[in-house]
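Heads up, the thing below is written out as structure tokens.
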Amino acid sequence: MTRRSCGALRAADAETVAELNGWVHRRRDHGGLIFVDLRDRDGLTQIVFDPQHTAFSQAEHLRNEDVLRAVGRVRKRPPGTENPKLATGEVEVEVQELEILNRSQVPPFQINVEENADENLRLEYRYLDLRRTRMQRNLTIRHRIIKAMRDFFDERDFLEIETPLLIKRTPEGARDYLVPSRLYPGSCYALPQSPQMLKQLLMIAGFGRYMQIARCLRDEDQRADRQLEFTQLDVEMSFCTQDEVLDLMESCMRFVWKRVLDVEIPPFARLTFAEAVERYGSDKPDLRFGLELAASSDVFAGSEFLVFKSVIENGGEIVALRYPGGAALSRREFDALTEEAKLLGAKGMVWIALGEDGIKSSAQRFIEQPHADELARRTQAQRGDAILLFADARDAAYAVAGKMRVEVGRRAGLRRDDAYAFCFITDFPYLEIDPETGKPMPAHHPFTSPAPGEWDLIETDPVRMRAQQYDMVLNGYEIGSGSIRIHKPELQRRIFEMLGMTPEQVEAQFGFFVRALDYGAPPHGGMALGVDRIAMVACAEENIREVIAFPKNQVARDVMMDAPSPAPEKALRELHIQQIPSKPKN
RNA sequence: GGCGCUGUAGCUCAGUUGGUUAGAGCGCCGCCCUGUCACGGCGGAGGUCGUGGGUUCGAGCCCCAUCAGCGUCGCCA
């Protein structure tokens, strides 16, 4: 007798005796004959109860999700009763001995159907939700992705090195999770937002090639593709160029996709930040489809249309977007689309429908046939399409057009979940201006090296300076970013100074790090990929929680454990913490 | 914090213009059934329509408030 999984038995196993352990997936009771589909991670096997065996009377009372140990003869199913939908469908097990290892209550939702239960309920009973095929599949794919990543880097002589979870708080960036210290009243550890400085220190330490499947934590509000606790494939290497990092990471992802999904990925597109914004209105363009944007202010030079006129006079831009098949929309539907654009930040939207019987437009009086022809030429729109126009300050117009491009792509069915469009975005601007304070902030992080030859701009025009920073993008998701780092201490100090930090502040916050640069830091750079997002796309899911075993919900609660939860007074006292009552709501 | 969507049976949902006793599928319970695999047949139980208030002769449906979930903007060096 051999213990087998519920997905293992084949015709060749007929006439052997097997032991199966698993859950009752479904019972079919024919009165004089009972079938049970027994389930484990590996699959389903039909087990049969015949009245001639004593197990039959036990089987009459089985319910879904009861846990069984069944021993019996494997036999070929009678001709005509094979089930081609099951891997084990040629055989069944005639149960001679049945042990009911545990009973199950009626579950709060059905395990054996695909239908989605309410997510809060799924999360509350996550251990039941995880029994379902979809989640077993997703977590299996996730495992294979991580395994492939480790294998890939192991073959290339990278070392996986663990870095601490309890580290020093660093200013700026995302909000930190803090862990109060018992031994040092008033002081806290921070949980890492990423192992950024630690991996750079490993380069300084001479490890040369580092990788880690690293947990990162950021105390920010949740999104469909963001979880407060997430996993990165963290990579760093010494004596490398930007292209070497990009080539390596591209190879990694092509390796992962081939091994996990058996899909060949063509070479990644590489776009500069400026190109990405001009062509797609985004620094994370979805390249599964074209629909490139077209700058169109010049088309409307001299236009009497007040909206366009004032935008052009103020140096703004009119950006055109093709909507395939959009001419079929009714006025009401165009109005709804306009509202959608406004929710995404548009001041307004002008639409032009290229109908069979001429053009229609929301700005009919100001749109002439030559305008439409030129816009159609630039956006490659054809009769039957619509053209959407967004006029605003340059950045705002491209941003809105880019978001609407994604929406139009969705409506036109261009966002297939079995298509994978990877690309790199390079040449990011080094600085962003904080709209609230007006202060320059690093677009990535302050350890990023400026573009070669652009150091001088730091003195003259820092906002024009570009960074040796790069993002990896997949189907419109930012799945990773990295940079070549600064390895010269004086340059690092100069960056901090530009960011408005005094030497005292630098010493207090980054002293250990800048000091390390003083001791022969090699040139180095790297990248970190978002494992959860990658798994999400590979699983054709649209929510990151579907590829995480025990995620928090949108308001950062674990509804299964009910965390966070109030800490006992004693524990707080040990941590020197006193609660400050929050302001009561009116 | 803002905006949007959702909330009706254990689960997934329908519920018309405000009008009699709020429905369906699945699940659950009972009985029958020896080749099913989403087995089938017969019967049954199960509802504070998220919560509170209001309008009305009458509210699942309209109005106000509130709670929860999801999505999104802000935020995410």
Side-chain angles (χ1 to χ4, degrees), chain A residues 25-38 44-52 56 60-61 63-65 75 77-86 88-89 92 94 105-125 128-129 170-176 193-194 196-197 216-228 230 339-340 342-345 399-400 403 407 428 430-432 434-436 439-448 467 469 478 481 483 495-496 499 509-510 530 542-543 545 553-555 557 559 585-586:
Chain A
H25 188 66
R26 186 172 271 123
R27 184 173 68 114
R28 291 177 295 279
D29 187 342
H30 287 240
L33 191 66
I34 298 170
F35 300 98
V36 168
D37 289 336
L38 199 64
L44 293 178
T45 301
Q46 173 166 288
I47 61 178
V48 189
F49 295 88
D50 193 282
Q52 71 188 62
F56 183 84
E60 285 183 304
H61 303 108
R63 292 193 303 190
N64 286 347
E65 302 310 313
R75 67 185 185 204
R77 294 196 191 187
T81 66
E82 300 89 350
N83 184 352
K85 284 187 275 184
L86 291 183
T88 61
E92 61 193 7
E94 175 191 357
Q105 300 275 342
V106 175
F109 51 84
Q110 288 170 256
I111 314 296
N112 56 14
V113 296
E114 290 289 316
E115 191 173 59
N116 231 348
D118 175 76
E119 200 189 5
N120 225 32
L121 198 66
R122 290 175 61 203
L123 291 178
E124 185 179 345
Y125 296 92
L128 296 181
D129 187 43
T170 52
E172 299 182 273
R175 209 172 287 116
D176 283 306
Q193 296 179 26
S194 83
Q196 181 59 38
M197 278 185 282
C216 307
L217 299 104
R218 295 177 190 176
D219 186 3
E220 297 291 347
D221 288 349
Q222 309 299 293
R223 287 290 183 278
D225 63 350
R226 269 177 13 202
Q227 181 78 186
L228 51 102
F230 63 103
E339 285 310 306
E340 219 165 311
K342 284 181 179 169
L343 286 173
L344 294 172
V400 165
K403 288 175 185 165
E407 170 61 15
F428 280 80
Y430 197 95
L431 294 173
E432 283 169 357
D434 186 325
E436 282 174 25
K439 248 180 67 176
M441 297 180 7
H444 190 42
H445 55 58
F447 315 112
T448 299
Q469 183 211 329
E478 183 195 315
S481 67
S483 63
I495 290 287
F496 284 136
L499 297 174
Q509 291 164 5
F510 299 108
E542 290 186 342
N543 194 295
R545 295 186 293 272
N553 72 4
Q554 215 211 10
V555 281
R557 292 202 67 81
V559 291
K585 289 188 205 172
N586 310 328

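Numbered from 1 within each chain, the chains take letters A, B, ... in sequence-line order.
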- Query: Between A/D37 and A/R28, is the closest basic N to carboxylate O distance under 4.0 Å?
  - Reply: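 Salt bridge flag = yes for A/D37 with A/R28.
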- Query: Ion pair present between A/E119 and A/R122, side-chain N to carboxylate O less than 4.0 angstrom?
  - Reply: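 A/R122 and A/E119: not salt-bridged.
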- Could you say whether A/L123 or A/D50 is positioned toward the 5' end of RNA chain B, judged by the nucleotide with the nearest heavy atom to each?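 That would be A/D50.
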- Message: Let me spell it out: for each of A/D225 and A/R175, pick the nucleotide of RNA chain B with the closest heavy atom. Which residue's pick is nearer the 5' end?
- Response: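 Residue closer to the 5' terminus by nearest nucleotide: A/D225.
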Is it the case that [N] (base atoms only) and [X] (side chain only) share a donor and an acceptor within less than 3.5 Å, ignoring hydrogens and angles?
{"X": "A/R218", "N": "B/C76", "result": "no"}
{"X": "A/D118", "N": "B/G7", "result": "no"}
{"X": "A/R226", "N": "B/C75", "result": "yes"}
{"X": "A/Q46", "N": "B/U36", "result": "yes"}
{"X": "A/R75", "N": "B/G35", "result": "yes"}
{"X": "A/R27", "N": "B/C39", "result": "no"}
{"X": "A/R557", "N": "B/G69", "result": "no"}
{"X": "A/E119", "N": "B/G71", "result": "no"}

- At under 4.0 Å between heavy atoms, what does A/E92 touch on the DNA or RNA strands: base, sugar-phosphate, or nothing?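 Result for A/E92 = base.
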Is any side-chain N or O of [X] closer than 4.0 Å to OP1 or OP2 of [N]?
{"X": "A/N83", "N": "B/U36", "value": "no"}
{"X": "A/N553", "N": "B/A68", "value": "no"}
{"X": "A/R28", "N": "B/C39", "value": "yes"}
{"X": "A/R63", "N": "B/C29", "value": "yes"}
{"X": "A/K85", "N": "B/A38", "value": "yes"}
{"X": "A/R122", "N": "B/G69", "value": "no"}
{"X": "A/R26", "N": "B/C26", "value": "no"}
{"X": "A/Q110", "N": "B/G10", "value": "no"}

- Message: Taking 5.5 Å and 30° as the limits, would you call A/H30 and the base of B/C39 a stacked pair?
- Response: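 Taking the rule of under 5.5 Å and under 30°, the ring of A/H30 does stack on B/C39.
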- Message: Would A/F35 count as stacking on B/U36 if stacking means ring centres less than 5.5 angstrom apart and planes tilted under 30 degrees?
- Response: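 Stacked: centres under 5.5 Å apart, planes under 30°.
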- Item | Base paired to B/G71 (Watson-Crick or G-U; both N/O distances under 3.5 angstrom) |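 Pairing partner, where one exists within any strand: B/C3.
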Roughly how many Å is it from [atom1] in [X] to [atom2] in [N], rounded to a whole number?
{"X": "A/L128", "N": "B/G10", "atom1": "CG", "atom2": "P", "answer": "17 Å"}
{"X": "A/E478", "N": "B/C76", "atom1": "CD", "atom2": "C1'", "answer": "10 Å"}
{"X": "A/D29", "N": "B/G41", "atom1": "CG", "atom2": "P", "answer": "15 Å"}
{"X": "A/E60", "N": "B/G30", "atom1": "CD", "atom2": "P", "answer": "12 Å"}
{"X": "A/I47", "N": "B/C37", "atom1": "CD1", "atom2": "C1'", "answer": "13 Å"}
{"X": "A/K342", "N": "B/G2", "atom1": "NZ", "atom2": "P", "answer": "22 Å"}
{"X": "A/Y125", "N": "B/C11", "atom1": "OH", "atom2": "P", "answer": "10 Å"}
{"X": "A/Q554", "N": "B/C75", "atom1": "CD", "atom2": "C1'", "answer": "13 Å"}

- Got more than 12 heavy atoms from elsewhere within 6.0 Å of CD, A/E340?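 Yes, CD of A/E340 has more than 12 neighbouring heavy atoms, counting only those of other groups under 6.0 Å.
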- Message: If you count heavy atoms of other groups shown closer than 6.0 angstrom to CD of A/Q105, is the number above 12?
- Response: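 At most 12 heavy atoms, drawn from other residues, nucleotides or ligands, come within 6.0 Å of this atom.
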- Query: Are any side-chain N or O atoms of A/Q222 and backbone N or O atoms of A/L228, one a donor and one an acceptor, separated by less than 3.5 Å?
  - Reply: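 Flag set: sc A/Q222 to bb A/L228 pair under 3.5 Å.
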